[in-house]
Amino acid sequence: MPSVRENSLLYEVIKVSTVDGDPLAVVNGLNIPAHDFISLSYTSTNLTGVTYKTGGSGGTTVATLVLVYDGNNNPTSVTKS
């Protein structure tokens, strides 16, 4: 695969496909709006919440993520609100 240079960084292009060789479907991400501050919350050692704000720490919340774990502390879901 070819390499791509962007600004002063060099990236290697990698083909991602299924076992059958079909390209993976492109899906939209969580679409977090523009933000300039992120705060993190934890339960024990697990990251359980992410808050995105615009206008700094006292600004307006633009999105939150809630992370859920199973009994073995493995992440099982992420929900955006």
Side-chain angles (χ1 to χ4, degrees):
M1 292 274 144
S3 296
V4 175
R5 184 171 299 281
E6 183 174 316
N7 298 322
S8 62
L9 301 174
L10 184 64
Y11 298 92
E12 183 177 350
V13 176
I14 298 172
K15 179 182 178 186
V16 179
S17 62
T18 64
V19 173
D20 295 328
D22 300 324
L24 291 178
V26 175
V27 296
N28 291 330
L30 294 172
N31 294 321
I32 304 298
H35 55 280
D36 58 14
F37 180 83
I38 300 172
S39 65
L40 307 175
S41 57
Y42 293 85
T43 299
S44 186
T45 59
N46 290 337
L47 175 66
T48 54
V50 182
T51 302
Y52 298 87
K53 294 185 177 191
T54 185
S57 62
T60 302
T61 298
V62 296
T64 59
L65 300 180
V66 175
L67 293 85
V68 177
Y69 295 80
D70 66 15
N72 294 316
N73 290 326
N74 297 309
T76 58
S77 68
V78 178
T79 304
K80 176 190 161 206
S81 60

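A continuous path of ILVMFWY side-chain contacts below 4.5 Å connects Leu47 to Leu65, so both sit in one hydrophobic cluster. Under the 4.5 Å side-chain heavy-atom criterion for Ile, Leu, Val, Met, Phe, Trp and Tyr, Tyr42 and Leu67 are members of the same hydrophobic cluster. Taking hydrophobic clusters as Ile, Leu, Val, Met, Phe, Trp and Tyr residues chained together by side-chain heavy-atom distances below 4.5 Å, Val62 does not share a cluster with Val66. Phe37 and Val50 sit in two unconnected hydrophobic clusters of ILVMFWY residues. Membership requires side-chain heavy atoms under 4.5 Å apart, directly or through other members.
With rounding to the nearest 0.5 angstrom, the CG atom of Asn73 is 4.5 Å from the CG atom of Asn46. With rounding to the nearest 0.5 Å, the separation of OG in Ser57 from CD1 in Ile38 is 13.0 Å. Rounding to the nearest 0.5 angstrom, the gap separating the CD1 atom in Ile32 from the OG1 atom in Thr64 is 8.5 Å.
Counting only residues at least two apart or on different chains, the ring-ring contact (aromatic ring centres under 6.0 Å, His included) pairs with a member in residues 43-70 are His35-Tyr52.
In this structure, the side chain of Thr60 does not engage the main chain of Thr54 through any donor-acceptor pair within 3.5 Å. Using a distance-only test at 3.5 Å, with no hydrogens or angles considered, a donor-acceptor pair links the side chain of Lys80 to the main chain of Asn31.
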